[in-house]
**Student:** 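Got a structure for you, questions after.
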Amino acid sequence: MTNQNARSAESVAKNAAPGRTSTINTDDLIEWFAADARDLPWRGPEVDGWGVLVSETMLQQTPVARVMPIWREWMARWPKPSDLAATSQAEVLRAWGKLGYPRRAMRLHEAASAIASEHDDTVPSDVDTLLALPGVGTYTARAVAAFAYGKRAPVVDTNVRRVVARAVHGEGDAGNPSPNRDLADVDALLPSDDRDAARLSAALMELGQTVCTVKSPGCEICPIVADCAWQHAGRPAYAGPPKKVQRFAGTDRQVRGLLLDVLRRSEGPVQRPELDAVWHDAAQRDRALDSLLVDGLLEQTEDGRFGLPGEE
DNA sequence: CTCCGGGACA
DNA sequence: TGTCCAGGAG
């Protein structure tokens, strides 16, 4: 195992100066991950690119605990992209359940069709090819390349951004996302070897999720605390611009969720009054219903009822 | 920059 | 009640 970021006398000296950029010991992090990583189902050796793509899509803005049962069910029902592609949108939306952001399910369904028809039913390993798939963005494309195919690709999610902001830059937390800067920061940390780089990417995410957390970081058990610029700077509080908080209660998002839940739980299309019952504000209800139709998450039947797409 | 779900936990 | 959670797209 090679390590391009071995700690040097110079970097240790730099670490001692608060507020300065530091270099973390990537070997320590990789070793820690090998010993302490959680045993998540999509990390199994038998999991292929499809399993990783499904897990990464489900994990977008969604906690691990909620994803696990749904991911297992999907893998059992649809072990290959073509299996999902052959399924109706209505069935896919029901199986997505209450994971949230159901447009993800529609995009994954579209991606499965593209993979089946254009990529020989095999999830691509090339980042640019992955990026062309619906629902696959900067994060997911690199996560699949690294975790499924062991490639060297900077994988930057909210956790990695926080770890880098702290350990490398000595800041309390990351500011607004800046994709190019974030990718460059992480790229600079990655060993040149593909396998080691992929392991480090997984380790950085795991550290941010389980140790270097937002509220109560476990610095006392952190494998790279000796090199952490934030630690050396006295763990300063976040000093950047205030982060934007999105409301949920009372928003169109909530109404859309309530409407869709009626359809998920019904056998087939329902009459308008059944939908109207879920929300008091008629104008907002209509707006939400219309947006669901526009998004293709709902369809209207010939006789005026509403149902999940692709349903009779 | 705004919108897009939903649940758990302080 | 507020906050966070393996983001992506318009």
Side-chain angles (χ1 to χ4, degrees), chain A residues 33 37-38 40-43 47 51-71 93 96-108 110-111 130-148 153-163 173-179 182-183 186 198 201-210 212-217 238 241-264 278-279 284 287-288 290-292 294-298:
Chain A
F33 182 74
R38 291 169 295 174
L40 302 177
W42 41 85
R43 286 177 174 166
V47 178
V52 173
L53 176 60
V54 172
S55 74
E56 294 301 341
T57 303
M58 289 181 171
L59 286 162
Q60 291 166 7
Q61 298 290 285
T62 310
V64 167
R66 290 174 55 195
V67 167
M68 275 201 279
I70 308 292
W71 182 85
L93 283 173
W96 190 258
K98 308 193 83 167
L99 272 186
Y101 296 134
R103 292 188 300 183
R104 289 184 292 171
M106 295 291 89
R107 290 177 183 138
L108 187 52
E110 287 177 51
L130 284 160
L131 283 170
L133 296 171
V136 177
T138 307
Y139 164 77
T140 305
R142 290 168 176 80
V144 171
F147 305 151
V155 181
V156 185
D157 74 330
T158 181
N159 296 297
V160 173
R161 295 186 65 246
R162 181 175 57 256
V163 169
D173 202 345
N176 292 324
S178 170
D182 296 337
L183 288 175
V186 175
S201 290
L204 283 168
M205 290 183 60
E206 183 85 353
L207 188 74
Q209 290 150 18
T210 64
C212 195
T213 56
V214 180
K215 292 193 174 174
S216 53
Y238 173 65
K243 310 203 171 183
K244 315 195 192 290
V245 184
Q246 284 208 28
R247 301 266 168 262
F248 175 62
T251 63
D252 288 4
R253 247 157 76 231
Q254 182 182 19
V255 182
R256 283 166 56 107
L258 291 171
L259 291 171
L260 205 55
D261 196 41
V262 172
L263 277 306
R264 273 197 304 262
V278 303
W279 197 251
Q284 188 175 24
R287 191 169 63 241
D290 187 59
S291 73
L292 286 170
V294 169
D295 287 347
L297 291 167
L298 250 62

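Throughout, a chain's letter reflects where its sequence line sits, starting with A, and its residues are numbered from 1.
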**Student:** Regarding C:dG8, can its base be found pairing with the side chain of A:T138 as donor and acceptor, where the two atoms are less than 3.5 Å apart?
**Tutor:** no

**Student:** Whole angstroms only, please: what is the CZ-P distance between A:R162 and C:dC4?
**Tutor:** 10 Å

**Student:** Contact class for A:V155 (heavy atom, under 4.0 Å): base, sugar-phosphate, or nothing?
**Tutor:** nothing

**Student:** What is the distance, to the nearest angstrom, from the CZ atom on A:R247 to the C1' atom on C:dC4?
**Tutor:** 13 Å

**Student:** Report yes if at least one side-chain N or O of A:K98 is closer than 4.0 Å to OP1 or OP2 of B:dG7; otherwise report no.
**Tutor:** yes

**Student:** With no hydrogens and no angle check, just 3.5 Å: does a side-chain donor-acceptor pair link A:R104 and A:T62?
**Tutor:** yes

**Student:** When only distance counts, do a donor and an acceptor, one from the side chain of A:R66 and one from the base of B:dG6, lie under 3.5 Å apart?
**Tutor:** yes

**Student:** Side chains of A:E56 and A:Y139: is there a donor and an acceptor less than 3.5 Å apart?
**Tutor:** yes

**Student:** So, taking the atom named OG1 in A:T57 and the one named OH in A:Y101, what distance separates them when rounded to the nearest 0.5 Å?
**Tutor:** 15.0 Å

**Student:** What's A:G137 touching, base or sugar-phosphate or nothing? Going by heavy atoms closer than 4.0 Å.
**Tutor:** sugar-phosphate

**Student:** Go through the side-chain N and O atoms of A:T210 and A:R38 and say whether any donor and acceptor fall under 3.5 Å apart.
**Tutor:** no

**Student:** Quick one: which of C:dT3, B:dG5, C:dA6 gets closest to the side chain of A:V245?
**Tutor:** C:dT3

**Student:** Quick one: does A:R142's side chain have a donor or acceptor within less than 3.5 Å of a partner on A:L183's backbone?
**Tutor:** no

**Student:** Which nucleotide in the list C:dC5, B:dC4, B:dG5 gets nearest to the side chain of A:V214?
**Tutor:** C:dC5

**Student:** Expressed in angstrom and rounded to an integer, what is the separation of A:E56 atom CD from C:dC5 atom P?
**Tutor:** 16 Å

**Student:** Looking at B:dG6, I'd like to know if its phosphate oxygens (OP1 or OP2) sit under 4.0 Å from a side-chain N or O belonging to A:R264.
**Tutor:** yes

**Student:** Are any of A:R107's side-chain N or O atoms less than 4.0 Å away from OP1 or OP2 of C:dG8?
**Tutor:** no

**Student:** Remember a base hit wins even if backbone is also touched, and classify A:R142 as base, sugar-phosphate or nothing at under 4.0 Å, heavy atoms.
**Tutor:** nothing

**Student:** Tell me if the side-chain of A:Y139 makes a donor-acceptor pair with the base of C:dG7, cut-off 3.5 Å, by modelled atom types.
**Tutor:** no

**Student:** Base, sugar-phosphate, or nothing: which does A:L99 touch, judged by heavy atoms less than 4.0 Å apart?
**Tutor:** base

**Student:** Quick one: is C:dG8 close enough that its OP1 or OP2 comes under 4.0 Å of any side-chain N or O from A:T140?
**Tutor:** yes

**Student:** For C:dG10 versus B:dG5, give the span between their P atoms, rounded off to a whole number of Å.
**Tutor:** 14 Å

**Student:** Is the distance from OP1 or OP2 of C:dG7 to the nearest side-chain N or O of A:Q61 less than 4.0 Å?
**Tutor:** yes

**Student:** Write down the distance separating the P atoms in B:dC9 and C:dA6, rounded off to the nearest Å.
**Tutor:** 15 Å

**Student:** Going by modelled atom types, is there a donor-acceptor pair between the base of C:dA6 and the side chain of A:Q60 at under 3.5 Å?
**Tutor:** no

**Student:** Does OP1 or OP2 of B:dG6 have a side-chain N or O of A:R104 closer than 4.0 Å?
**Tutor:** no

